Amino acid sequence: MQSLVMKPISRFKCYSISLQRTSFPLSLIAIFLGRSSFSSVAAAGWRTEPSALPRNPLSIVNDFTMYCYQRDLGKAMEALDSMQRHKLWADSITYTELIKCCIAHGAVKQGKRVHQHVFSYGYEPKTFLINTLLNMYAKFNLLDEAQTLFDQMPEKNFVSWTTMIAAYSNAELNYKALEMLIMMLRDGVRPNMYTYSSVLRACEGFSTLKQIHCCIIKVGLELDVFVRSALIDIYCKWGELKAALYIFDEMVTSDLVVWNSIIGGFAQNSDGDEALNLFIRMKRSGFWADQSTLTSVLRACTSLALLELGRQVHVHVIKFHRDLVLANALLDMYCKCGSLKDANCTFTRMIVKDVISWSTMIIGFAQNGYSRKALELFEEMKASGTKPNYITILGVLFACSHAGLVKDGQYYFESMKMLYGIDPGREHYGCMVDLLGRAGKLEEAMKLIHKMKCEPDAVTWRTLLGACRVHRNMDLAEYAAKKVLSLNPHDAGTYILLSNLYANTQRWDDVESLRKTMKHAGIKKEPGCSWIEINKQVHAFILGDKSHPQVNSIYQELNQIIWRLKAEGYVPDTNFVLQDLEGEQMENSLAYHSEKLAIVFGMMCLPEGKTVRIRKNLRICGDCHDFAKLLAKMENRSIVIRDPIRYHHFQGGICSCGDYW
DNA sequence: TTAGGGTTAG
């Protein structure tokens, strides 16, 4: 029997405790006082009596235990080395504290040293301790080490299996995660709520998800809040929003994470409206938004181009100023809402920037028509030491393609592998096809498609088709269109593009034939729609729409504006009319495009000098582009239009896209 | 005593 005398060096009382095992003492104190009490005792300066036990094995273990609870990794490792030399071991709980400390510090080497120590000289650690080591390897993403250790375990319990399943799920090795679940079941170990909440993420097929969901219901674990949020999340990831909402609405109690799951799910599935509705419900239920909530709300604002609402969210973002993910979402919101001034300000103020911050700003400049700024920022990014990734290069090529910077684009494309180690992907080729095609180099664009290392998809061919439309190359357009439709026979956009081309070359019979094909196949053109946010309310306009309460005054104002613009030299560009119409009829079919109605409504409602910001679902037509340019000059007003691909900032008779879109 | 859910750029 050995004894340990502990002396307080502060105001605490002295304790004398008799002990029987070297690996037992301070853990007993910890349990006796409660772990937090022990931690505070250790932190307050308790120490072993040095004169009493200078090299006593017990004091070595005590030192080790104390350093582990103090989270002093360096000293704990020194003490561990000393224990190893003396063939001493501490208790499992103490090792767990040390392993947690290794995980927190990303200390892989030290973690492996602990692993080696607890198996040294034939020592047999408990299953509980091996589980902690498994978890450590999982957190370090050292899955081979975890699997080897798992295979060597004399006894595996449900935590061992669940740890491995979670490890493979987190690493997106979904097949392995599901395989582990099957093996777990075959081993006769019952999965619990921890297991199911981990394995759900690994469901790659909808039928697998359904099967696991059935198992969850059968064993009555659907009520567990973690399982339920995992279910909501995976259904959202599969785009099954109705199912996700059903699971969410069934919940009796919920917590903030579940709210975040459902709000995030809708925001990520481009249903910003429902995401914002759910956010309002969440607030009414008494929850306060955290970083995750605000990130999803900003994403919803971004998809709906709600700048004013986004600004309100910004106020709440300030208290989480250290959250990089949230800061990036805010930056993206300002970029996508076309407010480059706010975006630049946000970007400049960010103390820490990662590759996503830089890429967001580069893409933001490129989409808003500031290609040169995008390329300058790319150089700045490299100078800062941030390594570009796949998406950054995509943004750079996007900047080149949208400004017709053929030589720059070719340089970045050809050197991306050598300089940044990034293989060109389908999207990079797509940008180059766009760049070459819209610069009139259609043959080169075609050759590049044939040289692609990956198979061109419908988007690639559609890009070429878009360039053919600009340069009125009918033969290549028909070829590209056939390619698109062979890959995606229901692509309404391609029918419309081809129809536009036929219309531009007065091939009205072909226009009619296409329309019949579409009708026969049940393919419908998405109607052009524009949105504008006025005083926190969103107003939607559809081509020729007359449902708005102020419809009469809007149409009256639009007609007057067109009349005044014509006096200034505006000539409607009837190349964008699809029907076989003549004269005034052709002009009328252009006059009431949704963006024109939205612009006019914005000018009627917004104070003088306030920028009119429009979001629309289809690419802007040439006539509306001319209309917006001339109107911005005539009324001395900035107009910003965001279409699905890029942004147009109209000011003083010119557009930021330089008429190149 | 060990294992589980939500957020950012194309």
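In what follows, every chain begins at residue 1, and chains take the letters A, B, ... in the order their sequences are listed. Predicted, not measured: the structure shown is a model, and the values here were computed from it. Values below: every heavy atom of this structure, side chains too, minus hydrogens, waters and symmetry copies.
- The residue A/Tyr196 sits apart from the nucleic acid: no heavy atom pair falls under 4.0 Å.
- Rounded to an integer number of Å, the gap from A/Ile356 CD1 to B/dT8 P is 9 Å.
- Salt bridge status for A/Asp233 with A/Lys237: present, with a side-chain N to carboxylate O gap under 4.0 Å.
- With rounding to whole Å, A/Tyr412 atom OH is found 20 Å from B/dG10 atom P.
- When distances run from any side-chain atom of A/Asn389 to the nucleotides B/dT8, B/dA9, B/dG10, the shortest one goes to B/dA9.
- Between A/Asp342 and A/Arg311 there is a salt bridge, since at least one side-chain N of the basic residue sits less than 4.0 Å from a carboxylate O of the acidic one.
- Taking every side-chain heavy atom of A/Gln291 into account, B/dT7 is the closest of B/dT7, B/dG4, B/dA3.
- Among B/dT1, B/dG5, B/dT8, the nucleotide with an atom closest to any side-chain atom of A/Asn328 is B/dT8.
- Listed nucleotides: B/dA3, B/dG10, B/dT7. Nearest to the side chain of A/Asp323: B/dT7.
- Summarising the geometry, atom OG1 belonging to A/Thr163 is positioned 12.5 Å from atom OH belonging to A/Tyr168; distances are rounded to the nearest 0.5 Å.
- At the heavy-atom level, A/Ser261 lies under 4.0 Å from the strands shown only through sugar-phosphate atoms.
- Counting any heavy atom pair closer than 4.0 Å across all strands shown, A/Tyr390 reaches a base atom.
- Atom P of nucleotide B/dA9 and atom CG of A/Leu324 are separated by 13 Å, given to the nearest angstrom.
- At whole-Å resolution of the value, CG in A/Leu98 and C1' in B/dT2 are 15 Å apart.
- The environment of A/Lys382 atom NZ is dense: over 12 non-hydrogen atoms of other residues, nucleotides or ligands sit within 6.0 angstrom.
- When distances run from any side-chain atom of A/Arg299 to the nucleotides B/dT7, B/dG4, B/dT8, the shortest one goes to B/dT8.
- Donor-acceptor pairing under 3.5 Å, judged by distance alone, is present between the side chain of A/Asp224 and the base of B/dG4.
- Ranking B/dT8, B/dG4, B/dG10 by closeness to the A/Asp354 side chain, first place goes to B/dT8.
- The structure places CD1 of A/Ile93 at 10.5 Å from CG of A/Leu129, a figure rounded to the nearest 0.5 Å.
- The A/Ile93 side chain lies nearest to B/dT1 when the options are B/dT1, B/dG10, B/dT2.
- Here A/Gln367 does not reach the OP1 or OP2 of B/dA9: none of its side-chain N or O atoms lies under 4.0 Å away.
- Within the nucleic acid shown, A/Thr163 comes within 4.0 Å of sugar-phosphate atoms alone, with no base atom in reach, counting heavy atoms only.
- The distance between atom CE of A/Met361 and atom P of B/dG10, rounded to the nearest whole Å, is 13 Å.
- Nearest nucleotide to the side chain of A/Asp255, out of B/dG5, B/dA9, B/dG10: B/dG5.
- Residue A/Lys283 qualifies as enclosed at atom NZ: its count of foreign heavy atoms under 6.0 Å is above 12.
- Atom pair A/Asn131:CG and B/dT1:C1' shows a separation of 10 Å (rounding to whole Å applied).
- Among the protein residues, A/Lys353 comes within range of no part of the nucleic acid, since none of its heavy atoms lies under 4.0 Å from any strand.
- At B/dG4, one or more side-chain N or O atoms of A/Lys139 fall inside 4.0 Å of OP1 or OP2 (strictly under the cut-off).
- Using a 4.0 Å heavy-atom cutoff across all strands shown, A/Ser197 reaches at least one base atom of the nucleic acid.
- Within the 3.5 Å criterion, the main-chain N or O of A/Ile234 finds no donor-acceptor partner in the side chain of A/Arg201.
- Considering only the side chain of A/Val227, B/dG4 comes nearest among B/dG4, B/dT7, B/dA9.
- Within the 4.0 Å cut-off from OP1 or OP2 of B/dG5, at least one side-chain nitrogen or oxygen of A/Arg201 is found.
- What separates CG of A/Leu133 from C1' of B/dT2 is a distance of 10 Å, to the nearest Å.
- Rounded to an integer number of Å, the gap from CE of A/Met381 to C1' of B/dA9 is 11 Å.
- Residue contacts shown for A/Ile363 are limited to sugar-phosphate atoms, with no base heavy atom under 4.0 Å away.
- An OP1 or OP2 oxygen of B/dA3 is reached within less than 4.0 angstrom by a side-chain nitrogen or oxygen of A/Asn135.
- Contact annotation for A/Val258: base contact, defined as any heavy-atom pair under 4.0 Å involving a base atom.
- Of all nucleotides listed (B/dA3, B/dG5, B/dT7), B/dT7 comes nearest to the side chain of A/Thr295.
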